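Heads up, the thing below is written out as structure tokens.
Everything numeric in this text was worked out from a predicted model, so none of it was measured. Note that the numbering runs from 1 along the sequence shown for the chain. When a ligand or atom number is given, it counts from 1 through the structure's own listing order.
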Amino acid sequence: MEQKFVFMFDHEKAVGKKMLGGKGANLAEMTRLGLPVPYGFTVTTEACNAYYEAGEQLSEAATLQIKRSMEKLEKRTGKSLGDTNNPLLVSVRSGAVHSMPGMMDTVLNLGMNDETVKAIADLTHNPRFAYDSYRRFIQMFGDVVLGLDNSLYENHLENYRMSSGYTSDVQMTAEDWKEIIEAYKKITREAAGRTFPQDPYEQLFLSIRAVFDSWNNKRAVLYRRLHNIPGHLGTAVNVQSMVFGNMGNDSGTGVAFTRNPSTGESDLYGEYLINAQGEDVVAGIRTPQPINELKREMPDLYGELVKMCNLLEKHYKNMQDIEFTIENGALFFLQTRNGKRTAQSAVRIAVDMVNEGIVSEEEALLLVDPDQLSQLLHEHIDPEHTSQKLVTGLPASPGAATGEVVFDADKAELLSNEGRNVILVRPETTPEDIHGIVAAKATVTSRGGMTSHAAVVARGMGKACICGCGSINIDLETGRFTVAETIVEEGDVITVDGASGDIYLGEIATIEPEMSAVFRKLLGWADNTSTLGVRTNADTPEDVRKAVELGAEGVGLCRTEHMFMDPERLPAVQRMILAENKEERTKALEKLLPMQQQDFERIFETLRGRPITIRLLDPPLHEFLPNVEELLVDITRLELTDPESAELERKQKLLRSVRLLEESNPMLGLRGCRLGMVHPEIYEMQITALFQAMTGVLSKGIDVNPEIMIPLVSHVAELRETSGLVHKVAKEIGGRNGISLNYLTGTMIETPRAALTADEIASEADFFSFGTNDLTQTTFGFSRDDAEGKFLQYYIENGTLPDNPFMKLDQEGVGKLVESGVTLGKQTNPQLKTGICGEHGGDKDAIRFCFDKGLDYVSCSPFRVPAARLAAAQSALGSRQERKSVLQPG
Ligand code: PEP
Ligand code: MG
């Protein structure tokens with residue numbers, strides 16, 4: 001049977017997004033639901049892939065099927081393409097599986113030519129509309145299909161308007177548009193070296209090809225890279241009969257969210273423009289009216305819109321983002337998709353939808369992306385501040401940011417690469433500015449509404465954004481903007497509050513956010529669903545307290561060296577390192593012991609019996625000593641100024657010690673348990689501090705559950721020897737206090753040898769914690785300190801690796817070692833507790849991986865804990881759903 005490349009919207013079976021793209025699948029779904037959708041068909045993503053495989057050629061089969069579908073469309077609408085009495089006009093739009101707003105191309109009013117325009121003028125009794133539509137088509141065709149610079153057309157139109165004394169397009173008459181059309185045709189001929197095609201089928205096929213080509217344009221490729229969308233998916237093309245929002249004052253076009261995408265409030269939220277086409281709203285060129293106005297202007301139609309939006313929400317079980325057109329008082333739906341929303345809105349919508357009986361608690365958990373949640377935990381402007389706001393725009397995406405003003409996306413990227421904080425200020429943004437939005441801390445635009453490009457893109461990224469700030473006058477030439485008398489130059493610092501839309505001059509303090517009641521509720525549902533534990537990586541009582549507040553079940557990694565790095569303790573640490581004999585070292589350690597003990601006591605008291613994995617000292621010793629270059633500078637200075645001084649002698653001695661400890665490859669050197677074995681008195685001090693703290697806290701009636709972790713083990717003998725020390729100290733201290741101390745001992749698995757011999761190592765361990773930072777380093781052989789700066793960026797840009805393996809767990813390589821480590825370890829010790837504490841512990845994909853491989857918990861930094869709780873619940877739900885679909889195929 002011939003491969004099916006085209007599906008009509010009312011095709012009897014749901015074909016799905018993979019083939020039809022998101023837009024096509026939803027148009028078909030809305031058609032089936034009985035919503036008023038202009039009729040049409042979808043050319044599949046498979047046709048797009050076949051087009052690329054054939055060297056950018058549309059196959060004969062696809063061509064024929066498109067022609068046949070056009071005939072069906074003609075039959076249904078009673079109009080035909082190119083007909084001089086009753087011409088059919090269509091739109092040709094892209095539609096990939098994942099929504100990529102504004103990244104690919106669209107052609108509207110296709111089918112217009114010198115003849116059909118007359119018919120449209122007669123049929124609508126509106127020649128002005130007909131000729132305006134025709135000129136729009138030529139312009140769009142030139143821009144999108146023939147690749148001409150849009151400003152060629154725009155500049156001509158602008159000059160024409162000025163010379164006619166018009167201030168806006170509304171004043172243009174049909175005769176004016178006719179003149180523009182002739183000029184546009186000439187511009188096209190001269191710039192493209194070909195005439196504007198009059199044959200509607202030629203227009204159609206060229207447009208379909210142009211949409212396929214736009215799948216690989218620069219901005220689409222960048223967008224896909226940013227959102228991890230694979231390049232092989234291809235885009236579908238939707239060919240749909242046109243409805244017109246620019247037929248007069250009973251026509252219009254708009255976009256609406258079924259709930260507020262910024263706050264989550266449950267009212268219809270959106271914007272519309274009377275007498276306009278869809279692109280006018282989306283492009284953000286004219287600032288539209290809020291949708292509430294439509295309630296007043298067209299109450300019946302508004303009622304119908306609300307009813308259908310409710311229907312769509314119930315059907316999709318999700319907040320929808322719709323596009324609609326009103327043609328001579330009749331409402332049409334042109335698109336629906338799950339609406340992008342801020343984290344705050346996502347959480348509120350999820351909880352509200354459960355309360356309204358639209359979704360179950362479990363379904364609600366799937367409505368929030370864990371990656372977004374960090375937005376809720378980020379700083380906002382201190383409400384107590386006394387700064388006077390400069391101006392207010394639309395609060396398009398919440399979050400607070402301070403930075404230098406820049407007016408250009410390239411410059412934003414450049415300065416941000418230098419480590420500077422920038423705020424991108426533009427009249428409006430287009431998809432070409434996307435790299436600037438990525439680089440900037442926040443974006444401000446003077447034009448465009450909440451659904452304009454800048455707003456949608458920034459919201460998706462969780463970045464602060466203020467739109468439609470009409471009171472700022474931007475002068476791109478001189479690099480400044482003005483608000484009344486105030487001038488803000490490029491490089492001046494401003495602060496923006498995306499939640500209120502306020503802009504301030506200078507820097508303002510920001511404060512930590514609090515978890516809202518709805519957020520807590522959602523996370524509570526997550527914990528009920530989840531079976532994977534979430535702990536935190538924290539080394540101070542403050543961080544531990546914060547993490548517990550954010551829902552951590554305990555500490556998965558307490559890096560004790562962070563306690564050593566306190567500037568007040570550093571002199572004692574340095575004395576310990578520089579000691580010339582054991583006696584001296586022991587003396588220095590005795591100074592450190594009470595400090596370390598006090599830290600443990602405070603952390604144990606904060607945890608109140610929750611488990612804590614405490615890792616003994618890990619980094620190389622020279623990290624605690626001064627920098628060689630700085631020492632050399634000091635010594636040279638002292639040699640010149642005070643050659644006899646004791647200070648010079650001390651520094652010279654220090655330099656000798658630093659040099660002695662220096663290693664050419666410190667990451668593979670004297671660190672972890674190796675350090676503890678060469679200098680057992682260091683670990684002995686730490687273990688003593690730990691158990692003394694434990695006995696002290698236990699005596700206050702507070703439970704303590706420590707898990708003592710030996711770092712960087714590669715061979716079971718290392719673990720045996722070091723944990724022997726732990727048991728010896730525990731026995732002594734327990735004996736002295738007349739109690740038996742309960743604790744676990746275990747190791748980090750962070751070298752390939754440890755993972756490969758996990759069965760042997762597990763014979764000496766109560767638990768394993770996978771240190772995937774070092775395990776990634778040692779498995780790839782990539783230095784975790786240098787790789788990113790030296791070559792990883794190239795690898796990622798070049799597509800050699802899909803992601804930075806230090807951020808996204810390399811499941812095929814490093815993951816395989818984790819998996820076999822768990823399996824081998826449990827063979828020897830079925831009670832073995834397993835967790836992950838590398839940076840990956842907070843990443844949703846790694847969390848799913850850990851869930852699938854049967855780990856007991858993940859551990860991440862305090863602010864990632866809520867997202868990890870949600871990701872853990874989603875992992876359980878995802879795996880349940882997958883099991884169900886295996887049991888019930890189809
Ligand atoms: C690791 O290696 O994954 C780890 C958590 O330890 P650190 O980052 O301290 O080396
Ligand atoms: Mg490590």
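Within the 3.5 Å criterion, the main-chain N or O of F624 finds a donor-acceptor partner in the side chain of Q574. Not one N or O on the side chain of T745 forms a donor-acceptor pair closer than 3.5 Å with the backbone of I708. A donor-acceptor contact shorter than 3.5 Å links the side chain of T695 to the backbone of Q692.
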Donor-acceptor contacts, no H, no angles, side chain residues 721-732, under 3.5 Å, sequence neighbours left out:
| from | atom 1 | to | atom 2 | distance (Å) |
| --- | --- | --- | --- | --- |
| T722 | OG1 | E718 | O | 2.8 |
| S723 | OG | L719 | O | 2.6 |
| H727 | ND1 | Y743 | OH | 2.6 |

Per-pair distances, 0.1 Å, donor-acceptor, side chain in residues 656-666, under 3.5 Å, sequence neighbours excluded:
| from | atom 1 | to | atom 2 | distance (Å) |
| --- | --- | --- | --- | --- |
| S657 | OG | K653 | O | 3.1 |
| E663 | OE1 | L670 | N | 3.3 |
| E663 | OE2 | L670 | N | 2.7 |

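Looking at D774, its N, O or S atom nearest to the Mg ion (ligand 2) turns out to be OD2. The Mg ion (ligand 2) sits nearest to atom OE1 when only the N, O or S atoms of E750 are considered.
Around ligand 1 you find L557, R559, R615, D618, R671, M748, E750, G771, T772, N773, D774, R784, C837, G838, each with a heavy-atom distance below 4.0 Å.
Ring geometry, F768 versus F770: the interplanar angle exceeds 60°, so the pair is classed perpendicular (tilted spans 30 to 60°).
For K808, the salt bridge (Lys or Arg N to Asp or Glu O under 4.0 Å) criterion is met by D843, D845, not counting sequence neighbours.
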